[in-house]
Structure formats: C-alpha cells, structure tokens
Amino acid sequence: RITWERAALDIRRAAERGDIGSVAGGMLYTYWLPEAAACTKRALQHAASRMDAEWACGVCVFLCDVSRMIEAQVLQNLQGQQRYEHAVKLRSAMAATADLIEYPSLCLMHASLELEVAKQTFARVQALIDHSNIDRAVTSSDPSLMGPWLKGSQLLHRVVEPLGKARRLLAVAREAAAQGSRPTKGTVRDIAPEPAAILQELQHVEDQTAFLQNRSQVL
C-alpha cells in the first residue's frame, strides 16, 4: 500500500502539471507498480500458507483496484501511440501476479490488461490504413498504396497474441471460479472487471481483426 501511495503521488503531480503521460518517464512502471505487484504476490503466498481466504480476497481487491485506477487516471487520458506504450508498460509492471491462476479476480485483471494492449495495437493498424482506397490499392500499379496495408498486416499479428492470452485467462478464471478457487469471499464481480464485459470487447476486437486479416489477404 505504501508503494501504491507513492505511485499515486507521481500520478497526481503529473496531472497537476497537465502532462499525465510524463509518468512513463518516472518510476511508476519501473519500480512502484512492479513492487506493488511483487508485494501482493508475497502476501498471497503468505495467505495461502495460513489458509486465510478472507485476507487473500482483500489483497486481490487491492491490486485490482490499483490496475483500475491506473487505467482510469492515466490510460484513459491518453491517445494513440502514447496510450499504447502506457498499456504495454502497465501490463509488464503487473506481471508478477500473472502466474497466480488460482485467483479468478487476478486472471480477469490480467485478461483486461492483455485486451487493452490488443485494442491499442489494433488502433495503430486502423491509423495506418485507409479503407476508402482499397479498390485503388488492388487495381493501381502504384506500390506506395500497398505500403500502409502491408505494414498494417504485419501489426495485425501483434494483435492476435494478446487476444489469445486474454481469452485463455478468461477460461482459467471461469474454471477457477467454478471450482470454488480462492479467494472464496467476495465475488469476482466485486473485485475485477465483469467477465462478460471483457468477453464482449474481446469478441469485438477479434471480429475486427479477422475482417482486416481477410482484406489484407485479398490485397
């Protein structure tokens, strides 16, 4: 909690300066958040040894809240390449708990982080290509018209990986919840993004990605 308070102070100062993106140049993603995630992992391991499910639930609530606050206070105030870079940094910063698959809420948190990276990568693809000139790109002898589509097609492969990870994490979260995995107190809905909401967004991005992949194959 102390490391998060220090991270929150960095965010507040950047917001007061009107430059929230500048937190990427500080210790937010390189120390404060990784340390909060690492401390959370150690706390959960300690809770498991004591069989203290209620306390473990509180620990999961803490880290899920941290992730949500970073998304709300930082990522949602950024656009384009900057938001993509912050999404990647946030995912990396929280990686310490990615292997704690027995906690459904943490699985959903990491699924949400993977989905955000996929969405921002797809947005980069959309910014590259021009759907209105696909006919010209197909029929023209001007190779410059193909350039954006070729680059976009390469980037599409980088959308597929985080989408796949997000889908697997959703499946693991469902299985763990069905088996009554810890934490047993407090519902997944209370401490993490709604599984249905994540799945809906995931399917939307998958459909858009498949559509562009088909167009790229045509080209």
Side-chain angles (χ1 to χ4, degrees), residues 1-78 81-121 161-162 165-166 168-170 172-173 176 181-183 185-186 188 190-193 198:
R1 291 184 184 278
I2 292 172
T3 56
W4 164 242
E5 288 170 5
R6 188 62 184 81
L9 179 61
D10 284 355
I11 295 171
R12 187 162 59 251
R13 286 173 175 169
E16 289 171 352
R17 294 193 305 269
D19 185 18
I20 195 67
S22 66
V23 296
M27 297 174 65
L28 178 66
Y29 297 119
T30 58
Y31 180 76
W32 299 122
L33 291 180
E35 183 65 12
C39 288
T40 297
K41 184 173 185 176
R42 290 194 292 271
L44 288 172
Q45 290 169 340
H46 177 66
S49 68
R50 295 173 53 196
M51 300 298 289
D52 191 340
E54 184 173 1
W55 193 67
C57 179
V59 173
C60 289
V61 168
F62 162 72
L63 196 63
C64 290
D65 280 346
V66 167
S67 180
R68 279 202 301 261
M69 284 186 279
I70 295 295
E71 290 191 47
Q73 296 177 19
V74 181
L75 267 63
Q76 290 181 16
N77 291 303
L78 300 172
Q81 179 69 16
Q82 199 174 30
R83 179 160 177 168
Y84 165 77
E85 291 171 355
H86 278 254
V88 171
K89 288 177 183 292
L90 177 57
R91 179 183 63 179
S92 297
M94 306 297 268
T97 58
D99 61 340
L100 299 180
I101 60 174
E102 64 268 37
Y103 296 96
S105 58
L106 294 184
C107 288
L108 292 175
M109 181 193 78
H110 284 287
S112 181
L113 294 174
E114 293 289 351
L115 178 57
E116 178 64 19
V117 171
K119 285 164 55 181
Q120 297 312 315
T121 305
E161 182 181 359
K165 288 181 179 179
R168 287 192 294 274
L169 285 163
L170 281 174
V172 170
S181 186
R182 54 184 186 267
K185 302 198 76 173
V188 168
D190 293 333
I191 58 181
I198 298 176

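Sequential numbering from 1 along the given sequence is applied to the chain's residues.
- Other residues, nucleotides and ligands place more than 12 heavy atoms under 6.0 Å from the NZ atom of K119.
- Between P162 and E116 there is no side-chain heavy-atom pair separated by less than 4.5 Å.
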Check against side-chain contact (heavy atoms from CB on, under 4.5 Å), D65 and M69: CA-CA 6 Å; D65 280 346; M69 284 186 279; 4.1 Å; yes

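- Taking each heavy atom of I198 and A111 in turn, the nearest pair found is CG2-CB, 4.5 Å.
- Taking both residues in full, the closest heavy atoms of Q82 and G21 are given as NE2-CA, 3.5 Å, listed atom of the first, atom of the second, then distance.
- Looking at heavy atoms from C-beta onward, I70 lies in side-chain contact with Y29 at the 4.5 angstrom threshold.
- In this structure the side chain of R6 never reaches within 4.5 angstrom of the side chain of Y31, judged on heavy atoms.
- Annotation for C64 and M109: closest pair CA-SD, 4.0 Å, computed over non-hydrogen atoms.
- Rounded to the nearest 0.5 angstrom, R13 CZ and I20 CD1 are separated by 13.0 Å.
- Once rounded to the nearest 0.5 Å, the distance linking CH2 of W32 with CG of D10 reads 7.0 Å.
- To the nearest 0.5 Å, atom OG1 of residue T97 and atom CG of residue D99 are 8.0 Å apart.
- Judged purely by atom type and a 3.5 angstrom limit, H86 has no side-chain atom pairing as donor or acceptor with the backbone of V74.
- Between atom CG of residue L75 and atom CZ of residue R68 there is a gap of 14.5 Å, rounded to the nearest 0.5 Å.
- Heavy-atom minimum distance, L28 versus A7: CD1-CB, 3.5 Å.
- Between S67 and L113, the closest side-chain pair of non-hydrogen atoms falls below 4.5 Å.
- Looking at L169 and L108, their side chains never come closer than 4.5 Å, going by heavy atoms from C-beta outward.
- In this structure, SG in C39 is found 14.5 Å from CH2 in W4, a value given to the nearest 0.5 Å.
- At a threshold of 4.0 Å, the pair E161-K165 counts as salt-bridged, since one of the basic side-chain nitrogens sits closer than that to a carboxylate oxygen.
- Salt bridge annotation for E35-K41: absent, with no cationic side-chain nitrogen under 4.0 angstrom from a carboxylate oxygen.
- Of all heavy-atom pairs between Q76 and R83, the closest is CA-NH1, 3.7 Å.
- To the nearest 0.5 Å, atoms CG (L44) and CG (L63) are separated by 8.5 Å.
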